[in-house]
Each structure stands twice: as C-alpha cells, then as structure tokens.
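Worksheet: one structure, shown below.
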Amino acid sequence: MNPQPVLMADDDEDDCLLAKKAWEKAKVGNPLRFVHDGQELLDYLRHKGKYSDPASAPRPAVILLDLNMPRMDGRTALKHIKEDKELRSIPVIVMTTSKAEEDVVRTYDLGVNSFVTKPLTFDQLVQNINTMMEYWLVLVRIPKSDQ
Amino acid sequence: MALKFSVALIILGALVIGLAAIRTSAIIKLLSASPHLRRWQVLSGLMTFFVVAYLGACGVLTVASTDWLSVMTGTVFFAGAGFVLLVVRLGEDSMRDLEAQRANAIAHAEELEEVLLREQTSRRLIQETNTRLASSNKELEQFAYIASHDLQEPLRKVKAFGQLLVDEAGPSLDENSRMYVDRMQKAAMRMSTLIDDLLSYSRASRGDELYTDVDLQRVVKEVMSDLEIRLKESGGEVHFEGLPTLRARSTQMRQLVQNLVGNALKFKRPDVPPIVTITATRLPDDTEEAPGWSLEFSDNGVGFEPQYADQIFGIFQRLHGKSEYEGTGVGLAIVHKIAEGHGGSIRAEGRPNEGASFFVHLPDRPQGDME
C-alpha cells in the first residue's frame, strides 16, 4: 500500500517549489501533493469537481495549510475541515509567514493542530519538515479513516 | 362726634406717614450708591413736610378757621401731588433699570451661549483629531504589517532560492559566481534586517502604549539577561545602581536601554572589555528643562568625533564601515524617537577612543500621560 500523501495548500508557486525541494532533501517517505486554494482543498478532501475519482485524491496523512489564499482562505477551509466529522481527525498544520498573534489565537480556536511560521532559510525549512513529519507521521497515533 | 372721628383719622394718617418715613429711610440706606438716592431724599423731605402740614391741618381744624383751612388744604394737596409725581417717576425709573438689567442679562446669556457653542466646536475638533489620529495609527499598524510580512516575503524567497542554487549548482559554479551568489545572499540578509529595524523605528514613534510606573533597575536587569551571550563573549560589564522608577512606556523604555547598552557593547575598543555605566541624576526643579531624571549611559568604547554628536541620531546614519561594525544605523534613531515621544531629549558626548556618553532626559510628567 502506498503511504498516504501529505497535502500542502498554498497558492504561492515559489513556496510550493521550495517545499518540494525541501521535501526531497528531508527524505520523507510520504509523497507531497499540492492544492492551491481553500476551495480546491475541500474539493480534494470531499472528492468533488476534478477530484471526483477517490483514487485520484487519497486521504492525506497531514495537511499543511497556508492562511492567505484566493477564492477561499485557509481560515475558512480550516473551519470547514474541523466541522466535518469525516475530516476533523486529519492533522492540520498552518504554515504561514504571518506572525500575528491574532492569527495564532484564531486558528487554534478553529481547531488547528499546530501553527508554524515559515522559516527564513531553506535549511531551516528542511529541518522543520523533518521535525514535523517525524512527529505527525511517526510518533503520534491518530484515528484510522474508514477508507 | 364727627370732629373727634376726623381727629382720630388724622392721627392715624400721621402714624401711617411716619411708618412710610421709616421705610423710606431704610430705602435710602439701601440705595446709598443709586442714582435715585437724591430723589428719595427729596421724597423723604416732602413726607416730613406732609406730616408737619397734616398736623397743622389738624390744629386749624380744631380752631375751625376756614381761610387757614383752605390754605392748608392747598398746601397739603400740592405736597401730596409732588409726592405722587416723585413716586410715579421713581417707579418708572426703577422699571427702566429693571428693563436695562434684563437686556443686559439677555446679552450675557447670548454671550454665554456663544462661548458654549465655541467650546462644543473645539470639543468636536478634538474628537475629529482623535479619530484621525486613531486612523493614522491604524495605517501605521498596516504599514508595520506590510513591512514585516509583505516586504519580507520576497526576500525570504531570494534567500531560499539562492541557497538552493548554491546547494545544487555549487560544485559546478566557478569561484566568482559563488562569490556573487554569496554577496546576493548577504545583501538579502541585510535588507531583511533593515526592514525589521524600520519596523521597530515606526513602532517607536507610536504613541498608543500606555504609561505605567517603570522600574529602571528591573529594565536594565532584563536587558542584561537578553544580552547575556554578547556580554559573555566580549567580557563586558554593566554597572548600575539606584536607578529610579518613572512614568514611561514600558516596552519603549526597554528598547531604549537595550539599544544604548547594545551599542556600547558593539562599539568596544579591540581587546578592551566594554564597561557600561548607567547612572541617574535628579534634575533640580529650577533648571530650564521640565523636572525629571537625567540618565547617563557611559562606555569605554571607540567613542566618536565630537562633530558627529547630533548626526548619530539620524536614521540610517553610520560612522563606521559595514565591515567594521554591522548594523543599519537605526538603533540611536529609535532611542532619539523614544526620548522625544516621552517629552524628553537625548544628547551625546564622545571622543575618539575615549568612549561615549549618552544623556537621556525624561520628564516626570511625560507627554500623553493620562494620569
């Protein structure tokens, strides 16, 4: 069985490319997949639109979520995920450039599992990915999904 | 019988007039400063005459001489007519006075209303200014966010892709190309620091932090613990004693101390461990400046040419090359801004290789302290 993917929701192509590069360097076994806004993220998770074939959108092990995105921002997407019985057990890590205390408080209120500020250097990004995935993919136990 | 009755009436009348005379003299006392005083005096004279004439009429009545009676009657009538005229005139003048007073009172009331209106207008102006101030504070906040987030964002990527370039293509790059990338990286780092410093500078000019009682002893201790590594590395010492508690904006005061002590540690002479001394002097009340404290931060570092004593407080002003001492030239500009924001001032003294001293004057009642 293929390992579950980690799903990154970020509209910034540069950040997606950097994350992909860092992912390769960090050597995480799970594949990294991308969606580019909150709506696409929900479509992926609920198998709607271009993700109507469940095989094309396997349930992610972890979601990496940017806050500022077009169409539907990360806060709204997070709210939908955490209100959805089927989806709420998927760990969501907010990865953003925002350092605003308000964002931290609000996203934790909405039920985010971790809030991480995007690091300043590439090496730090690699290190962060290693640390986060070591924790969320190896160390912790989360409920198995029905799928 | 009829005679006895008339005599009784006359005596009674004389008594009534006597009572009126007493009242009149009381009025004369009250009216000592009034323009009507003279006429009241005339009135009282007339009354006296009236009483005397009355009593005369009484006497004539008893001897019943008709000639004398008609003369007395005429005289009494004349005196009574004068009496009535005076009373009417006095009444009329009093009415006029009252009317004038009323007009005066109305004028006063209008004036008062105008003053009130003016006060309302100025109050509204103050409110409008406050609203504008709040909105400009909000704009500043927005700027701060843009500076910290939006401007840093592209830089973060320049740095990250630069690093990727070195990682992936490093071995195939010649020495020059590697140096170029290295320089680009350092420039990006520096810009990042500049943005952070600019952000601190814009925060230092904000006036929305509340004043509290700030214990400077404690502030210096906290700053020392923040600078612990630099103090250890340089073998530096900070001496301070008996610093006061004063009305100030707590985080800004901490930034002020941090920047001044940090500068003293940075601009140390090579191979001479930096020693910073912080003292506070109570400014005597009779000086030109507002009563308050003068804080002195002295060091034994590289100092500066006295001609630069003002220039060093300008934003992005530096006296040393970037290779000698790193920094963006914002630290002292922030300190200057904070001192001024507290209604105080700062000046510097220094000599090359003999150290520098910074004197911060902080008034007891800072600007914008609501208490």
Side-chain angles (χ1 to χ4, degrees), chain A residues 8-28 32 34 36-37 64-70 73-75 93-107 112 115-133, chain B residues 137-173 178 181-203 206 208-210 250-251 255 326 328:
Chain A
M8 179 165 176
D10 197 326
D11 64 308
D12 190 310
E13 290 297 338
D14 293 334
D15 276 330
C16 291
L17 179 57
L18 282 172
K20 202 173 143 199
K21 286 286 171 189
W23 203 262
E24 285 165 14
K25 213 169 168 188
K27 298 195 169 37
V28 182
L32 180 66
F34 297 95
H36 300 97
D37 61 61
L64 300 175
L65 183 66
D66 185 27
L67 286 184
N68 301 316
M69 291 186 290
D73 69 12
R75 300 167 192 85
I93 303 172
V94 162
M95 260 178 88
T96 175
T97 44
S98 167
K99 289 176 193 164
E101 186 62 21
E102 195 190 308
D103 277 335
V104 180
V105 173
R106 205 160 139 212
T107 46
V112 79
F115 187 105
V116 178
T117 302
K118 281 179 185 170
L120 287 176
T121 65
F122 182 72
D123 283 344
Q124 263 176 311
L125 179 62
V126 175
Q127 204 183 326
N128 281 9
I129 286 174
N130 270 328
T131 311
M132 289 190 294
M133 293 312 133
Chain B
N137 265 344
K138 213 175 166 132
E139 268 169 39
L140 205 63
E141 188 71 20
Q142 193 77 19
F143 164 76
Y145 184 79
I146 290 169
S148 70
H149 180 265
D150 296 14
L151 291 183
Q152 289 285 15
E153 185 62 20
L155 267 179
R156 192 172 57 81
K157 284 169 190 165
V158 169
K159 282 187 280 186
F161 283 115
Q163 204 178 342
L164 264 183
L165 182 65
V166 175
D167 282 0
E168 291 187 359
S172 59
L173 288 176
R178 266 207 303 275
V181 177
D182 190 44
R183 279 173 186 264
M184 281 162 63
Q185 293 292 83
K186 280 187 180 143
M189 267 317 182
R190 199 172 145 68
M191 175 131 186
S192 195
T193 318
L194 269 172
I195 292 170
D196 277 343
D197 286 353
L198 203 57
L199 182 64
S200 314
Y201 182 75
S202 86
R203 282 201 182 124
R206 276 170 57 171
D208 55 358
E209 190 189 338
L210 289 180
S250 163
T251 53
Q255 172 110 62
E326 60 176 25
T328 53

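In what follows, every chain begins at residue 1, and chains take the letters A, B, ... in the order their sequences are listed. In what follows, every heavy atom counts, from backbone to side chain, and hydrogens, waters and symmetry copies are set aside.
The side-chain hydrogen bond (donor to acceptor under 3.5 Å, both in side chains) search around A:Thr117 returns none, not counting sequence neighbours. Residues that satisfy the side-chain contact (heavy atoms from CB on, under 4.5 Å) test with B:Pro171, not counting sequence neighbours, are absent from this structure.
Within residues 159-166 of chain B, the residues that have a heavy atom under 4.5 Å from a heavy atom of chain A are B:Lys159, B:Ala160, B:Phe161, B:Gln163, B:Leu164, listed by number. By a heavy-atom distance cut of under 4.5 Å, A:Leu17, A:Leu18, A:Lys21, A:Lys25 are the residues of residues 17-27 of chain A near chain B, going up by number.
For A:Arg106, the CZ atom counts as loosely surrounded, since its 6.0 Å shell holds 12 or fewer non-hydrogen atoms of other residues, nucleotides or ligands.
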For this session: Go through the steps to decide whether B:Glu153 and A:Asp12 satisfy the test side chain to side chain contact (heavy atoms under 4.5 Å, CB included), and finish with yes or no.
Result: CA-CA 11 Å; B:Glu153 185 62 20; A:Asp12 190 310; 4.0 Å; yes
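Looking only at side-chain heavy atoms (C-beta outward), A:Asp15 and B:Arg156 come within less than 4.5 Å of each other.
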